[in-house]
Amino acid sequence: MAKKTYDLLFKLLLIGDSGVGKTCVLFRFSDDAFNTTFISTIGIDFKIKTVELQGKKIKLQIWDTAGQERFHTITTSYYRGAMGIMLVYDITNAKSFENISKWLRNIDEHANEDVERMLLGNKCDMEDKRVVPKAKGEQIAREHGIRFFETSAKANINIEKAFLTLAEDILRKVHVSGHKF
Amino acid sequence: NFFCLFPNLCIVSPCYNCIFLPSVRSRVGGMEFGEETSPALVFDKDAFDLTVEDVYDISYVIGRDLLKISGSGEEVSDLQFRIVRVLEMFETLVNKYNLSLEELRMERDNLKGELQKVLSEQGASREGTTVGPNQLVVDLTDPNRPRFTMQELKEVLQERNQLKAQLMVAQEELQLYKSGILPNAEAAMVEVDLDTPPASQDIFITSDVYKLKPQNMLPRGGR
């Protein structure tokens, strides 16, 4: 009898302004590492990470998008296949927070209707440079009925928790709907 | 003698110098130069540099030299008259030449100005027509200039991600063989669906145990 390498495959997508740390968040989660040099993602990339939830091996295929406007035609075509989308902003960058509504609109336009969404305020280790209060992040998340975490890829704060929570939420949906993946 | 201001120099009667070359009158009257100084230098000048003032200097010098010729015979008198007449013609020619030269200079400067205006207008209009607000000028000598289309990039990225997915699957399988979990090749059926729909360039990795159809991987209720 063949051994299966995983039970379920979840496809996740990371979006948000350029430089907020999407790639770093993913790199921390997949490789438990951090790199300070900023390398702008070209178009779209992905990483695989298998986690275990409720006795099930779940393979997460996590798509990392370029935040730069010039790649948007490429990145938006990946929204539709995503089961979960992480919208990342930078707590030290007000503009990235202001753009959240723009990213949410993108999700509405291009993603599946029942996609699981999550808001992340990254770089929470840089308290001295913070310009977006945690309460503001919580408020906007509440308004849109989505989960919120403040994370730090550098200090490894809430990264795994965020991904596992998103995966759990998708798993719950799968169970509730009785849909077999 | 008609109102001659310099009777010493008058060589003819009536005084042609003073009548026909009036500036000699004013010049001498104003005592701008001494009797023995500069006027003779005018003979060293280039013909095209001569001014009307120079012509008056020439007439002054010639008049003075004529004075030195002794006698006042009829031949000398006729010659003096003709010399004055030639000097008068010379004055007219030099005057005309200088005026024409000045006119041409002004004309040239005007044309230069107009040319400059036309050129700058043309430059501005050319910029306006070839480079619009939404257009980009590409330096063809820049080795790092943009030269691929978004579609090409999209295809390259898609291929890269497909190969990456295949590599991951292969690595996973290799790991299973190495660890002895998979004893034979038939047991490991790993399928990578490379026929990705154009709307979502997705990669579907499935195993034989969990035969996954692309639509099954998407949450239901897609639009």
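The model shown is predicted, which means the values in this text are computed figures rather than measured ones. All heavy atoms count here, side chains included; hydrogens, waters and symmetry mates do not. A note on names: the letters A, B, ... follow the listed sequences, proteins ahead of strands, and every chain is numbered from 1.
The shortest side-chain heavy-atom distance between B:Met150 and A:His72 does not fall under the 4.5 Å cut-off. A:Asp45 has its side chain within reach of B:Lys164: a pair of non-hydrogen atoms, C-beta onward, lies under 4.5 Å apart. Side-chain contact between B:Lys154 and A:Thr73 is absent, with no heavy atoms from C-beta onward closer than 4.5 Å.
Heavy atoms closer than 4.5 Å to chain B are found in both the backbone and the side chain of A:Phe71.
Within a 6.0 Å sphere centred on CZ of B:Arg145, other residues, nucleotides and ligands contribute more than 12 heavy atoms. For A:Lys136, the NZ atom sits in a loose shell: 12 or fewer heavy atoms of surrounding residues, nucleotides or ligands are nearer than 6.0 Å. For B:Glu159, the CD atom counts as loosely surrounded, since its 6.0 Å shell holds 12 or fewer non-hydrogen atoms of other residues, nucleotides or ligands. Open room surrounds CZ on B:Phe148; 12 or fewer heavy atoms of other groups in view lie less than 6.0 Å from it. For B:Glu152, the CD atom counts as densely surrounded, since its 6.0 Å shell holds more than 12 non-hydrogen atoms of other residues, nucleotides or ligands. A 6.0 Å sphere centred on NZ of B:Lys45 holds more than 12 heavy atoms belonging to other residues, nucleotides or ligands.
Within the model, atoms CG of B:Asn161 and CD1 of A:Ile44 stand 7.0 Å from one another, a figure rounded to the nearest 0.5 Å.
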Does the pair A:Phe46 and B:Met168 meet the rule for a side-chain contact (heavy atoms from CB on, under 4.5 Å), with working shown?
CA-CA 11 Å; A:Phe46 77 96; B:Met168 284 177 172; 3.9 Å; yes
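Heavy atoms only, all atoms of each residue included: B:Leu157 and A:Ile42 are closest at CD2-O, 3.5 Å.
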